[in-house]
**Q** 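Can you read through this structure? Questions will come right after.
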Amino acid sequence: MKIFIIGSGGREHALTWKLSQSPKIDKLYCAPGNPGMAQIAECVDISADKLESLRDFALKQQVDITVAGPDDCLAAGVVDVFQKAGLKIFGPTQKAARIESSKSYAKKLMAQTGIPTAQYAEFDDHHKALEYLISPKYPLVIKADGLALGKGVFICHSSDEAGQAIKSMMVDGSFGQAGSKVIIEEFLQGPEVSIHAFCDGRTAKIFPSAQDHKAAYDGDQGPNTGGMGTYAPVPWVSAEMISDIQNKIVGPIIKAMTEDGNPFTGCLYPGLIYTKDGFKVLEFNARFGDPETQSYMRLLETDLLEIIEACIDGRLSDMNIKWSNNSACCIVAASGGYPGSYQKGFEVNGIDKAQEKSGIVVFQAGTKKEKGKIISSGGRVLGVTAIGKDLKESLDKGYDALTQIHFNGMHFRKDIGRKGLQ
Ligand code: AMP
Ligand code: GLY
């Protein structure tokens with residue numbers, strides 16, 4: 001079969017790596033891909049937002065199945081564009097992707113269905129939003145309705161701070177259209193957990209739990225990033241908790257979306273927080289997490305292509321998905337200064353040496369190849385993944401392999417997984 005992966009990050013490298021192990025695959029294409037993906041697939045120079053060009057490429061090459069990685073191409077309707085042309089693609093339609101691309105849509109469905117989440121109010125008029133700020137308890141959380149590269153969430157400790165966030169989003173338009181509507185919600189406290197589920201529109205099968213590290217610096221300090229590292233599974237998330245998440249969150253949202261006329265096919269990724277009242281939903285994502293996927297693909301034993309086909313064909317309930325009993329981690333190496341401004345164009349050394357160590361795979365993200373050398377070209381440059389019999393062993397191996405990798409200004413967190421060890 002011919003398979004086509006859209007995207008160029010560590011997530012897409014991990015998906016490509018796993019798909020490349022499928023005996024059913026004759027040819028793998030990626031657009032636009034990265035140098036890591038180019039070692040196992042043919043990369044074509046089409047960016048992920050050129051939906052019609054991507055479709056035309058898939059038609060011309062007679063691609064059997066396409067896998068769309070990034071949130072923005074899903075929100076823009078890549079699945080609808082491909083399906084209209086008679087092409088098979090893994091991911092939610094534009095309307096179903098609103099579970100991520102419109103927090104207002106997600107909140108409404110959760111409220112209707114009784115899915116546990118923060119209390120909220122929504123506003124598309126900034127005067128009314130500002131009036132609302134007078135009475136509530138602080139801190140409170142203000143979120144842009146639409147996609148904002150993970151930067152559209154403000155935790156505000158006073159009405160002044162909250163007023164500034166509202167002004168910046170609704171008056172100054174700092175997130176464009178995404179911030180013209182805002183959600184103001186209750187501040188929740190507790191450890192965060194990433195849940196993922198393969199979905200075929202009716203059935204959802206949950207992965208092992210994972211934890212991301214969103215803050216840039218150790219001890220969860222500094223600004224939020226796309227994610228500085230992950231591990232899976234999370235030792236304290238029990239089988240009973242997972243079945244609770246299935247029964248109270250994942251199952252009900254899948255049912256609600258089907259009833260709403262927008263069945264969800266693809267990977268659903270609820271971001272949860274474990275409060276004193278149990279798990280609550282912070283957000284739903286309509287795609288694989290990055291860098292969760294890098295850890296997950298090291299643990300998945302079943303052929304990913306077979307799972308994807310079962311999701312597209314609506315027969316996921318017949319599938320038995322196997323995960324290894326090992327523990328996996330991904331430690332991200334980022335450009336100095338990320339997520340703020342950073343320099344790029346530095347040579348990245350040591351990827352091969354790191355991968356010579358047992359249990360290590362390096363997934364590239366913000367890299368490019370110039371004159372045979374790997375050069376940094378983005379904020380998150382790569383992720384070192386390791387597996388071990390338990391979390392400690394996988395982290396020890398991951399950090400040991402990371403010592404082989406160097407580039408100017410390289411920054412990584414030294415405490416990935418530490419919370420899982422406590
Ligand atoms: P989101 O994009 O909605 O997941 O929010 C990004 C991050 O903001 C989350 O990972 C949390 O760390 C934080 N956050 C979002 N909503 C809340 C909330 N209601 N209470 C506390 N923290 C939150
Ligand atoms: N792990 C964060 C994200 O993918 O949104």
**Q** Quick one: does any side-chain atom of Lys88 pair with a main-chain N or O of Val63 as donor and acceptor, under 3.5 Å?
**A** no
**Q** Honestly, is Lys414 close enough over Phe412, meaning NZ or CZ under 6.0 Å from the six-membered ring centre and within 45° of the axis?
**A** yes
**Q** Can any side-chain N or O of Thr113 pair as donor or acceptor with the backbone N or O of Pro252 at less than 3.5 Å?
**A** no
**Q** Would you mind checking if Glu309 and Lys24 are paired as a salt bridge, meaning a charged N to carboxylate O distance below 4.0 Å?
**A** yes
**Q** Say whether, by atom type as modelled, one donor and one acceptor occur between the side chain of Asp244 and the main chain of Glu240 under 3.5 angstrom.
**A** no
**Q** Give a yes/no verdict on a cation-pi contact between Arg98 and Tyr105, requiring under 6.0 Å between NZ or CZ and the six-membered ring centre and an angle within 45° of the axis.
**A** yes
**Q** May I ask you to test the Ile273-Thr275 pair for a side-chain heavy-atom distance under 4.5 Å?
**A** yes
**Q** Determine yes or no for a side-chain-to-main-chain donor-acceptor pair under 3.5 angstrom, with Tyr296 supplying the side chain and Gly289 the backbone.
**A** no
**Q** Answer yes or no: does atom NZ of Lys2 have more than 12 heavy-atom neighbours from other residues, nucleotides or ligands under 6.0 Å?
**A** yes
**Q** In this structure, are over 12 heavy atoms from other groups packed under 6.0 Å from Gln343 atom CD?
**A** no
**Q** Are Leu282 and Leu272 close enough that some pair of their side-chain heavy atoms sits under 4.5 Å apart?
**A** no
**Q** Checking side-chain contact (heavy atoms from CB on, under 4.5 Å) for the pair Ile360/Lys397: CA distance, chi angles, key distance, verdict?
**A** CA-CA 8 Å; Ile360 301 297; Lys397 282 187 179 174; 4.3 Å; yes
**Q** Given salt bridge (Lys or Arg N to Asp or Glu O under 4.0 Å), test Asp220 with Lys419 step by step and report yes or no.
**A** CA-CA 11 Å; Asp220 293 331; Lys419 277 185 266 180; 2.8 Å; yes
**Q** Is it the case that over 12 heavy atoms from other parts of the model lie below 6.0 angstrom from the CD atom of Gln189?
**A** no
**Q** Are Asn349 and Phe407 side-chain neighbours, meaning at least one heavy-atom pair lies under 4.5 Å?
**A** no
**Q** Measure the shortest side-chain to side-chain distance between Thr385 and Cys329 over non-hydrogen atoms and say whether it is less than 4.5 angstrom.
**A** no
**Q** Just do the side-chain contact (heavy atoms from CB on, under 4.5 Å) check on His126 and Met169 with the steps written out, would you?
**A** CA-CA 9 Å; His126 82 274; Met169 283 195 271; over 6 Å; no
**Q** Of the non-hydrogen atoms in Cys311 and Thr265, which two are nearest, and what is the gap between them?
**A** O-CG2, 3.7 Å
**Q** Quick check: do Ile166 and Leu133 have side-chain heavy atoms less than 4.5 Å from each other?
**A** yes
**Q** Just wondering, more than 12 heavy atoms not from Glu347 lying within 6.0 Å of its CD?
**A** yes
**Q** List in chain and number order the residues that pass salt bridge (charged side-chain N to carboxylate O under 4.0 Å, His left out) with Lys255, two or more places apart in sequence or in another chain; answer none if no residue qualifies.
**A** Glu259
**Q** For the pair Trp236 and Tyr274, name the ring-plane relationship: parallel under 30°, tilted 30 to 60°, perpendicular over 60°.
**A** tilted
**Q** Is it the case that the side chain of Asp80 and the backbone of Gln94 share a donor-acceptor pair, with hydrogens and angles ignored and the cut-off at 3.5 Å?
**A** yes
**Q** Could you go step by step and tell me if Met228 and His411 meet the side-chain contact (heavy atoms from CB on, under 4.5 Å) rule?
**A** CA-CA 10 Å; Met228 293 298 290; His411 162 68; 3.6 Å; yes
**Q** Is the closest side-chain heavy-atom distance between Ile405 and Val362 below 4.5 Å?
**A** yes
**Q** Please determine, by modelled atom types, if Gln177 and Ser180 share a side-chain donor-acceptor pair under 3.5 angstrom.
**A** yes
**Q** For a side-chain hydrogen bond (donor to acceptor under 3.5 Å, both in side chains) check, start with the C-alpha distance between Asp172 and Ser174, then their side-chain angles and the critical distance, and finish with the verdict.
**A** CA-CA 6 Å; Asp172 306 338; Ser174 47; over 6 Å; no
**Q** Mind checking the OG1-CG spacing from Thr93 to Leu74? Nearest 0.5 Å is all I need.
**A** 9.5 Å
**Q** According to the interplanar angle, ranging from 0 to 90°, do the rings of Tyr132 and Phe123 count as parallel (below 30°), tilted (30 to 60°) or perpendicular (above 60°)?
**A** tilted
**Q** Regarding Asp400 and Lys357, does a basic nitrogen lie under 4.0 Å from an acidic carboxylate oxygen?
**A** yes
**Q** Would you find a donor on one side and an acceptor on the other, under 3.5 Å apart, between the side chain of Glu186 and the backbone of Gln119?
**A** yes
**Q** Carefully, step by step, assess Val332 and Val381 under the rule side-chain contact (heavy atoms from CB on, under 4.5 Å).
**A** CA-CA 7 Å; Val332 170; Val381 174; over 6 Å; no
**Q** Is there a donor-acceptor contact under 3.5 Å linking the side chains of Thr230 and Asp212?
**A** no
**Q** Set out, in order, the CA-CA distance, both residues' side-chain angles and the distance that settles side-chain hydrogen bond (donor to acceptor under 3.5 Å, both in side chains) for Gln294 and Asp290, then state yes or no.
**A** CA-CA 7 Å; Gln294 291 87 314; Asp290 186 342; 2.8 Å; yes
**Q** Of all the heavy-atom pairs spanning Pro23 and Asp303, show the shortest one and how long it is.
**A** CD-OD2, 3.7 Å
**Q** As an exercise, state the distance from CD of Gln211 to CG of Leu391, rounded to the nearest 0.5 Å.
**A** 9.5 Å
**Q** Using side-chain heavy atoms (C-beta onward) and a distance below 4.5 Å, is Trp323 in contact with Thr302?
**A** no
**Q** Show, in sequence, the C-alpha distance, side-chain angles and deciding distance for Tyr138 and His157, and conclude whether the ring-ring contact (aromatic ring centres under 6.0 Å, His included) test is met.
**A** CA-CA 5 Å; Tyr138 286 85; His157 296 272; 8.8 Å; no
**Q** Between Ser376 (side chain) and Phe346 (backbone), is there a donor-acceptor pair under 3.5 Å?
**A** yes
**Q** Between Lys107 and Glu122, is the salt bridge (Lys or Arg N to Asp or Glu O under 4.0 Å) condition met? List the steps.
**A** CA-CA 9 Å; Lys107 281 292 204 184; Glu122 91 177 43; over 6 Å; no
**Q** Could you tell me whether Asn325 atom CG has more than 12 heavy atoms of other residues or ligands within 6.0 Å of it?
**A** no
**Q** Just how far is it from atom CE of Met241 to atom CD1 of Ile195, taken to the nearest 0.5 Å?
**A** 10.5 Å
**Q** For the residue pair Phe198 and Phe207, does the interplanar ring angle fall in the parallel (under 30°), tilted (30 to 60°) or perpendicular (over 60°) class?
**A** tilted
**Q** Take atom NZ of Lys151 as the centre, draw a 6.0 Å sphere, and report whether it contains more than 12 heavy atoms from other residues, nucleotides or ligands.
**A** no
**Q** Between Ser22 and Leu19 (side chain of the first, backbone of the second, donor and acceptor by atom type, cut-off under 3.5 Å), is there such a pair?
**A** no
**Q** What heavy-atom pair brings Ile40 and Leu28 nearest, and what distance separates the two atoms?
**A** O-CD1, 3.8 Å
**Q** Between Glu292, His196, Arg287, which is the residue that forms a side chain to side chain donor-acceptor pair (under 3.5 Å) with Tyr269?
**A** Glu292
**Q** Of Val281, Ile99, Ile249, which is the lone residue that meets side-chain contact (heavy atoms from CB on, under 4.5 Å) with Met110?
**A** Val281
**Q** What do you reckon, is NZ of Lys392 surrounded by more than 12 foreign heavy atoms closer than 6.0 Å?
**A** no
**Q** Main chain of Gly219, side chain of Asp415: is a donor-acceptor contact present, judged purely on distance under 3.5 Å?
**A** yes
**Q** Side chains of Glu12 and Cys30, heavy atoms from C-beta outward: is any pair under 4.5 Å?
**A** no
**Q** Check the pair Ser8, Asn34 against side-chain hydrogen bond (donor to acceptor under 3.5 Å, both in side chains), reporting the backbone distance first and the verdict last.
**A** CA-CA 5 Å; Ser8 62; Asn34 66 39; over 6 Å; no
**Q** Closer than 3.5 angstrom, by distance alone: can the side chain of Glu100 be matched with the main-chain N or O of Ala286 as a donor-acceptor pair?
**A** yes
